[in-house]
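Residue numbers start at 1 and run along the sequence shown.
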Amino acid sequence: MPDKNKVRYGLKNVHIAELIESENGAITYGKPEKYPGAVSLSLDPEGDSNNFNADDTVYFQTTSNNGYSGDLEMAYIPDWFAIKYLNHKKAKSGNVVEMTGGNNKPFALLFEFDGDVNATRHILFNVVANRPSLEGNTVEDSKEPQTSTLSFNASPVECPDGNSTPKSKASKGDSNYETFFTVAPELPEFDEEQIENIGG
């Protein structure tokens, strides 16, 4: 069928939105900033499953969703990103200096895949990136671009109704689809009927 995805390729439209937590713990977001130079993205689910065995079978199973760990490969790490989210500061000289004694700041990661025939757009709501490795090679007969990879953890956040989620996606026709990369993200809200349908 033509509307089925067979392969995903061409990571694009990577955006970063600042995560803002108020004194009472409420979370809002800033307007997304475009992060050019997307190469690849990988996500691994984090969590556990536990089985209770009875009658010689799995009688009951529990699972936990702790979000994702992943790697985001980009063409480079821009100074604005390093300063805002990787605990760097700009010195009087203009140098961008990596600092110790602080914490990297959380953000929302928005993206889509060019190979997704449905053009689904994704958001990870609470991402903290680790310091990237620094690599460089001497120039030989041909120049091979050197990319930078950010390892990160994407943890769940609490929604306004008390549910929690690490990730969401928007499809064509959803109310926020057209403004997904231009308007500050909002945490999802549900009504009781939606929650019952999800659980059932």
Side-chain angles (χ1 to χ4, degrees), residues 3 5 8 11-35 38 40-51 60-74 81 84-86 103-130 149-200:
D3 62 341
N5 284 320
R8 285 178 173 171
L11 176 68
K12 67 177 185 179
N13 276 336
V14 172
H15 285 68
I16 304 295
E18 181 181 9
L19 187 155
I20 305 163
E21 186 172 1
S22 68
E23 291 183 359
N24 64 4
I27 291 176
T28 56
Y29 296 92
K31 183 179 178 180
E33 299 177 79
K34 187 171 179 61
Y35 187 165
S40 68
L41 174 69
S42 64
L43 289 175
D44 293 313
E46 294 290 332
D48 298 312
S49 63
N50 296 293
N51 297 333
F60 182 72
Q61 184 180 59
T62 60
T63 59
S64 62
N65 183 343
N66 296 329
Y68 296 87
S69 60
D71 292 304
L72 175 64
E73 184 181 5
M74 303 294 290
F81 183 86
K84 198 164 188 176
Y85 300 108
L86 297 180
N103 295 318
N104 294 351
K105 293 183 179 179
F107 57 88
L109 177 65
L110 301 85
F111 58 92
E112 69 177 294
F113 295 104
D114 194 35
D116 184 343
V117 297
N118 299 313
T120 309
R121 295 171 174 177
H122 304 262
I123 178 170
L124 296 167
F125 286 108
N126 183 20
V127 175
V128 176
N130 299 314
T149 299
L150 288 167
S151 296
F152 64 84
N153 291 303
S155 303
V157 293
E158 186 172 327
C159 299
D161 64 355
N163 288 284
S164 61
T165 177
K167 182 181 181 294
S168 180
K169 62 182 181 180
S171 302
K172 290 180 179 178
D174 292 350
S175 61
N176 65 334
Y177 183 84
E178 296 300 329
T179 59
F180 197 79
F181 297 115
T182 58
V183 173
E186 294 183 354
L187 292 171
E189 296 185 28
F190 308 92
D191 56 37
E192 289 185 4
E193 181 179 353
Q194 285 175 310
I195 293 297
E196 289 175 0
N197 290 337
I198 292 172

Do Pro156 and Thr165 make a side-chain contact, defined as non-hydrogen atoms from C-beta onward lying under 4.5 Å apart? no
If every non-hydrogen atom of Ala38 is compared with every non-hydrogen atom of Val14, which pair is closest and at what distance? CB-CG2, 3.7 Å
Nearest 0.5 Å, please: how far is OG in Ser22 from CD1 in Ile27? 8.5 Å
Contact check, side chains of Pro188 and Phe125, non-hydrogen atoms, under 4.5 Å: yes
To the nearest 0.5 Å, what is the distance between OH (Tyr29) and CD (Glu21)? 10.0 Å
Is it the case that the side chain of Tyr35 and the backbone of Leu109 share a donor-acceptor pair, with hydrogens and angles ignored and the cut-off at 3.5 Å? no
Evaluate the criterion side-chain contact (heavy atoms from CB on, under 4.5 Å) for residue pair Phe113 and Leu11; output intermediate values, then yes/no. CA-CA 5 Å; Phe113 295 104; Leu11 176 68; 4.0 Å; yes
Roughly how far, to the nearest 0.5 Å, is the NZ atom of Lys169 from the CZ atom of Arg121? 14.5 Å
List the steps, then state whether side-chain contact (heavy atoms from CB on, under 4.5 Å) holds for Tyr85 with Glu18. CA-CA 9 Å; Tyr85 300 108; Glu18 181 181 9; 3.5 Å; yes
Work out which heavy atom in Gly30 is nearest to a heavy atom in Pro185; give both atom names and the distance. O-CD, 3.5 Å
Rounded to the nearest 0.5 Å, what separation is found between the CG atom of Leu86 and the NZ atom of Lys105? 11.0 Å
Ignoring hydrogens and geometry beyond distance, is a side-chain donor-acceptor pair present between Thr120 and Asn118 at under 3.5 Å? no
Assess whether atom NZ of Lys12 is packed by more than 12 heavy atoms of other residues, nucleotides or ligands within 6.0 Å. yes
Tell me, yes or no, whether the heavy-atom count around Lys34 atom NZ, taken from other residues, nucleotides or ligands under 6.0 Å, exceeds 12. yes
Value for CG (Asn176) from OG (Ser168), rounded to nearest 0.5 Å, stands at 7.5 Å
Any side-chain donor near an acceptor of the partner, Ser69 and Asn153, under 3.5 Å: no
Counting C-beta onward and ignoring hydrogens, is there a side-chain heavy-atom pair between Glu112 and Phe180 closer than 4.5 Å? no
Taking Asp161 for its side chain and Glu189 for its backbone only, find out whether a donor-acceptor pair lies under 3.5 Å. no
Under the side-chain contact (heavy atoms from CB on, under 4.5 Å) criterion, do Leu124 and Leu43 qualify, and how do the steps go? CA-CA 11 Å; Leu124 296 167; Leu43 289 175; 3.9 Å; yes
To the nearest 0.5 angstrom, please state how far the CD1 atom of Ile123 sits from the CG atom of Leu110. 4.0 Å
Plane angle bin for Phe107 and Phe81 - parallel if under 30°, tilted between 30 and 60°, otherwise perpendicular: perpendicular
